[in-house]
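The structure presented is a predicted model; accordingly, all values stated were derived computationally and were not measured. All values below come from the heavy atoms of this structure, side chains included, with hydrogens, waters and symmetry mates left out. Order of the sequence lines fixes the chain letters, A, B, ..., with proteins taken first and strands second; residue numbering starts at 1 for each chain.
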Amino acid sequence: MTNANVRVRFAPSPTGYFHLGSARTALYNWLFAQHTGGSFILRIEDTDRTRHHPEALPDLFDSLRWLGWFWDEGPEVGGSYGPYYQSDRAELYRQYADQLIQAGKAYRCYCTPERLAALREEQRRERQKPGYDRRCRHLTSAQIAQFEAEGLRSVVRLMAPTEGQTSFEDVLRGRIVVENAELDDMVLLKSDGYPTYHLANVIDDHLMEISHILRGEEWLPSVPKHVLLYNALGWPMPAQVHLPTILDPSGKGKLSKRKQKGPGEAERLTFIHEFRQAGYLPEAMTNFLALVGWAYDAETELFTRDELIRYFDLDHVSKSPAAFSYEKLDHMNSVYIRSLGDNDLANRLLQVLRRADLDADYQRVLQFAPLIKERLRILSDAIDLIDFAFVDVHTIDAETLVQKAMGVDGTRQTLTDSAEALQALPSFDEEAIEETLRGLVGASEYKIRDYFGALRMALTGKRVSPPLFETMAVLGRQDTVQRLRRAAQALNEAE
RNA sequence: GCCCCCAUCGUCUAGAGGCCUAGGACACAGCCCUUUCAAGGCUGCGACGGGGAUUCGAAUUCCCCUGGGGGCACCA
């Protein structure tokens, strides 16, 4: 399907950092626009002045660009349907609100927040449906004049029908019908003069000529109210597509926008910048997120960006909520890391290592890249894996250095023998190292596992490391021999 | 409480009446490979929530129940 008239928007409100749930919504909008050749619009719904978070916007823009989901219109890129910040459009919303009042389709309500809270409280106690009781719906002009004279603050409410039904078509879910009695007179304009989501979103979607609304399922219940608004304004409604919720990994409840502890005490990653920081690849994030709520066929899970764009369609978007699996993301990320070229990987690792305060140099990282490539789930795994290569002295605990089967003397002997043999090698390359060391193990009474274990420990200070011979070759003769000798020395001192 | 949405392995899913003794992936278990850890290979475990109805035939259609999720603000 190619339709240049497709215009979709991602419309977050800047109240916090860009998180997984919003990201999936943004992605589907972006993919749908790319797929259809339409436009992807970014609009900032900043009409709640009390919840504005100063870092939200920079975080959002950085994250979207990092992911490569560029917007065709919106902040920092412009467009002919602006402004793209709702706070800059406030006057517009007031005009439409006035227009609705003039037409008798909306009215001013002078009820105080306190009265409304008390009303809700009472309704809750009486087990009644919460909702505005429409007290101000039929004020006389005299009453209105009096309230205005008293300087009472007011909001504008929609005059919703009390009987009949309202229905609409959701692309994924089909026809949805609700009783108008369930709807109440929603606030369109707040007392501070700013619009509510409902008013602003309807007006902007219309004026910006949005063709499809792809948004989270949590908006489904408010669509009937929007239908009323579109009707009151005499506008056609864009196609509605309500995306399934992303659930917490446990499958219990919506994925939180805030920090959440996983099993154990580990804090789960929530914000996109955290995934970036941890070393998830934007390609993998895009691929994985696309699959939370959409599938191409029974088999395929790995998609390039272009394939995603080519294959993505609304027909295969799922209706049921999906739990977010961090394990599967990790797996996919590791697949993407393994597919990276050595230079590419080295460049990405360099940043991660330096951020971890390691004095890493490109050449050495490049040499390690192929050795650790298949051992990384996320880029920051590299820190634990090869930090030893970028520190001069590492203290090795004699306790762990000594192999049980070899004893202190045996371990020390192994280290010095190996150091000597390696020192004497004509050529210090991987093959020569392996041949020599295997020869030494064969001549000794020890098992390969123990023998190499001691060397690994001496060299890296770890039980787990990249392959031994390759690591030695990367470290070089001098460094390797020195590490082995220092370790042997440490055993002397420990005695 | 009321309203809306949803329902296949533990999780993500394929499945649009016979191709299904239900396929793939993650996770998990075992074996192989192996200098550690990974990666890789092989094998295994494992699901159509329940009940009716339609039909020659239902995971696929309809109804009820149950379960899960979401919503009921001068927040978006």
_If you compare every side-chain N and O of A:Arg338 against the phosphate oxygens of B:G40 (OP1, OP2), does one of them come in below 4.0 Å?_
yes
*Just one of A:Ile176, A:Val223, A:Leu220 clears the side-chain contact (heavy atoms from CB on, under 4.5 Å) bar with A:Gln240, so which one?*
A:Val223
_Out of B:A76, B:G1, B:C74, whichever nucleotide has its closest atom nearest the side chain of A:Arg51_ = B:A76
_A:Asp381: which residues meet the side-chain hydrogen bond (donor to acceptor under 3.5 Å, both in side chains) condition with it, sequence neighbours left out?_
A:Arg377
*Would you please say whether a donor-acceptor pair under 3.5 Å links the side chains of A:Tyr311 and A:Asp297?*
no
*Hey, does A:Pro467 reach any base, or is it just sugar-phosphate, or nothing, if we go heavy atoms under 4.0 Å?*
base
_For a quick test of reading the model: is some side-chain N or O of A:Arg173 closer than 4.0 Å to OP1 or OP2 of B:C4?_
no
*Partners of A:Phe390 by ring-ring contact (aromatic ring centres under 6.0 Å, His included), sequence neighbours excluded?*
none
_Any A:Arg375 side-chain nitrogen or oxygen under 4.0 Å from OP1 or OP2 of B:U36_ = no
*Just checking A:Cys111: base, sugar-phosphate only, or nothing, at a heavy-atom cut-off of under 4.0 Å?*
base
*Under the side-chain hydrogen bond (donor to acceptor under 3.5 Å, both in side chains) rule, collect the residues that match up with A:Tyr28, sequence neighbours excluded.*
none
Are any protein N/O atoms closer than 3.5 Å to N/O atoms in nucleotides 24-29 of chain B? If there are, list each pair with its distance.
residue : atom : partner  : partner atom : Å
B:G24   : O4'  : A:Glu299 : OE2          : 3.4
B:G24   : N2   : A:Glu301 : OE2          : 3.4
B:A25   : O4'  : A:Glu301 : OE1          : 3.4
B:A25   : O2'  : A:Glu301 : OE1          : 2.6
B:A25   : N3   : A:Lys328 : NZ           : 2.8
B:C26   : OP1  : A:His331 : NE2          : 3.2
B:C26   : O2'  : A:Lys328 : N            : 3.4

*Hey, would you say the A:Tyr446 and A:Phe452 ring centroids sit under 6.0 Å apart?*
no
*Report the residues that fulfil side-chain hydrogen bond (donor to acceptor under 3.5 Å, both in side chains) with A:Ser167, sequence neighbours left out, ordered by chain and then residue number.*
A:Arg175
*For the side chain of A:Asp48, starting at C-beta, report the closest nucleotide among B:C2, B:U36, B:C75.*
B:C75
For nucleotides 66-70 of chain B, list the nitrogen or oxygen atoms of the protein found under 3.5 Å from its nitrogen or oxygen atoms, one pair per line.
residue : atom : partner  : partner atom : Å
B:G70   : OP1  : A:Lys254 : N            : 2.9

